[in-house]
Every structure is written in C-alpha cells, then in structure tokens.
Amino acid sequence: YVRSYFKNGKQPYVESDSAEYEINYMNSSSVIISSTPENGGNVDVGDEIHISQSGADEGTTIFYAVDSETAPTLTRVSYQERQTLNLDNLGKNQEYVKTNGKVYLEINGIWYLSSDSTVKKYTSSITTDEQLRIRNVMTVYVLVSDNGKELGEFQPLRFTYNTLKQTSM
C-alpha cells in the first residue's frame with residue numbers, strides 16, 4: 001500500500017488516500033548467446049556472423065558492438081535529457097535511437113545511453129570487414145534485452161582471422 005504525507009501542513013496539498021499497487025520484481029535472465037561460426041571460431045573478410053539466443057521470451061532484442069576497446073556500458077538517461085532529446089517520440093517502438101553521435105537503447109521501458117557509439121540493433125547478420133586482416137582478432141560484444149527480465153551486461157564473442165578461402169596456384 002502507498003500513502004503520501006506532507007511534512008509541512010501549511011501547504012495547500014491534501015494527503016492521499018491509501019492505494020494498492022502490485023509490485024513485480026524482475027527475474028534474472030537465463031539467456032544463452034551463441035554464434036555461427038562458434039565463439040572462438042575462424043572467420044575471413046566478408047564472412048557473416050549469425051548471433052542467436054535461447055532461453056529468452058519472444059520479443060527479445062539483441063544489441064551488439066564490434067571491436068570496442070572494452071564492453072559497452074549503459075547509463076540511465078534522466079527525465080530532462082529524455083525530454084530534451086525527444087526520445088519518447090523518436091523511439092516509439094524502436095528500442096534503438098542514434099542521434100547527435102550517441103546511441104540510446106530502450107530496455108524494459110527505460111532509456112539508456114551507451115558508452116559506445118557503435119552499438120547497433122542486430123537484425124540478420126554481422127559481416128566481417130577489412131579491419132579483420134589488420135587486427136587478426138574480432139570481438140563482438142552482445143547484449144540480449146529480454147523484456148521483463150533483469151538487464152545483463154554485454155558479453156564478448158571473439159573470432160580469429162583465418163584465410164579460409166585461399167586458392168592454390
């Protein structure tokens with residue numbers, strides 16, 4: 001039950017009647033993230049990486065960042081910033097908004113600012129690029145947003161460069 005009281009009785013406010021609210025606590029998510037090729041697998045330039053999850057409810061969203069120095073972190077966006085950026089209208093049914101070089105994610109009805117501006121919403125696959133030859137290792141940080149569940153952290157998937165498509169002379 002919730003009831004509000006005012007400390008200073010001189011204000012023109014009236015105390016509230018008791019109201020009953022049901023409080024539901026979020027369960028921890030038991031999502032398993034997998035990829036094709038498997039985590040730690042060999043990839044070549046132009047290969048596609050497919051990410052999948054199991055154990056999550058329908059309507060989950062997968063976010064990812066490629067080759068960040070560290071795993072991206074999320075910071076809750078204040079009400080004032082949300083209003084200034086018009087996130088509630090920009091992000092209607094999107095869960096992902098990129099504006100002014102920053103990435104905002106809506107998870108469980110709360111807007112977060114990503115520490116990494118390269119975070120994207122996963123749709124079908126991730127294609128490896130030429131940078132893979134220079135780095136030899138590609139790290140994909142993945143976050144599964146399982147609505148109604150506790151927010152987890154970005155999990156790393158690492159792939160190594162291997163010239164799989166060599167031809168003989």
Side-chain angles (χ1 to χ4, degrees), residues 2 4 19 21-41 43 45-132 134-135 137-161:
V2 177
S4 65
Y21 293 96
E22 182 179 349
I23 298 174
N24 296 314
Y25 294 97
M26 292 185 176
N27 297 322
S28 58
S29 184
S30 57
V31 175
I32 298 170
I33 300 169
S34 57
S35 64
T36 306
E38 290 183 25
N39 185 14
V43 292
V45 174
D47 285 353
E48 289 187 352
I49 297 171
H50 297 274
I51 299 172
S52 59
Q53 55 79 23
S54 60
D57 296 332
E58 251 185 70
T60 53
T61 305
I62 299 175
F63 299 104
Y64 73 96
V66 177
D67 284 328
S68 298
E69 292 293 319
T70 60
T73 57
L74 300 177
T75 306
R76 190 169 176 265
V77 177
S78 70
Y79 175 78
Q80 289 85 5
E81 188 175 3
R82 223 174 57 232
Q83 296 302 310
T84 302
L85 295 168
N86 199 21
L87 283 179
D88 294 326
N89 292 327
L90 279 177
K92 279 225 185 304
N93 301 320
Q94 287 190 33
E95 301 170 327
Y96 170 89
V97 172
K98 187 167 188 170
T99 182
N100 300 330
K102 295 180 180 179
V103 172
Y104 297 89
L105 310 175
E106 184 184 27
I107 301 170
N108 290 325
I110 299 172
W111 281 99
Y112 296 91
L113 169 63
S114 171
S115 64
D116 188 331
S117 63
T118 65
V119 170
K120 296 178 182 162
K121 185 175 175 179
Y122 179 80
T123 51
S124 60
S125 67
I126 301 167
T127 304
T128 59
D129 62 11
E130 283 292 326
Q131 291 296 314
L132 180 61
I134 298 165
R135 292 184 308 264
V137 174
M138 179 176 165
T139 304
V140 178
Y141 289 98
V142 179
L143 172 71
V144 175
S145 164
D146 191 2
N147 279 327
K149 306 285 187 196
E150 284 182 23
L151 179 61
E153 296 177 349
F154 280 86
Q155 302 297 317
L157 299 173
R158 289 185 175 80
F159 304 92
T160 54
Y161 172 59

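What you are looking at is a predicted structure, and each value in this text was computed from that prediction instead of being measured. Numbering starts at 1 and runs along the sequence shown.
- The neighbour count for Glu48 CD, taken as heavy atoms of other residues, nucleotides or ligands under 6.0 Å away, is above 12.
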From CA spacing to verdict: side-chain contact (heavy atoms from CB on, under 4.5 Å), Tyr96, Thr61: CA-CA 10 Å; Tyr96 170 89; Thr61 305; over 6 Å; no
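- With sequence neighbours excluded, the residues that form a side-chain hydrogen bond (donor to acceptor under 3.5 Å, both in side chains) with Thr73 are Ser115.
- With sequence neighbours excluded, the residues satisfying side-chain hydrogen bond (donor to acceptor under 3.5 Å, both in side chains) with Glu130 are Arg133.
- Considering only residues two or more places apart in sequence or on other chains, Ser117 meets the side-chain hydrogen bond (donor to acceptor under 3.5 Å, both in side chains) condition with none of them.
- The backbone N or O of Gln131 lies less than 3.5 Å from a partner atom in the side chain of Asp129, making a donor-acceptor pair.
- We find the OH-NE2 distance between Tyr122 and His50 to be 6.0 Å, quoted to the nearest 0.5 Å.
- Applying the side-chain contact (heavy atoms from CB on, under 4.5 Å) criterion to Glu81, with sequence neighbours excluded, gives Val77, Ser78, Leu85, Tyr104.
- Contact record, Gly46 with Thr127: O-CG2, 3.8 Å, taken as the closest heavy-atom pair.
- Expressed to the nearest 0.5 Å, how far OG of Ser114 lies from CZ of Phe154 amounts to 5.5 Å.
- With rounding to the nearest 0.5 Å, the separation of CG in Leu74 from CD1 in Ile110 is 11.5 Å.
- With sequence neighbours excluded, the residues forming a side-chain contact (heavy atoms from CB on, under 4.5 Å) with Thr118 are Ala65, Ser68, Asp116, listed by chain and number.
- Of the candidates Ile62, Val142, Leu143, Ile33 forms a side chain to side chain contact (heavy atoms under 4.5 Å, CB included) with just one, namely Val142.
- No side-chain heavy atom of Pro72 sits less than 4.5 Å from a side-chain heavy atom of Phe63.
- Between atom OH of residue Tyr112 and atom OG1 of residue Thr75 there is a gap of 10.0 Å, rounded to the nearest 0.5 Å.
- Taking Thr128 as the reference, Val43, Asp47, Ile49, Leu132, Met138 meet the side-chain contact (heavy atoms from CB on, under 4.5 Å) condition, with sequence neighbours excluded.
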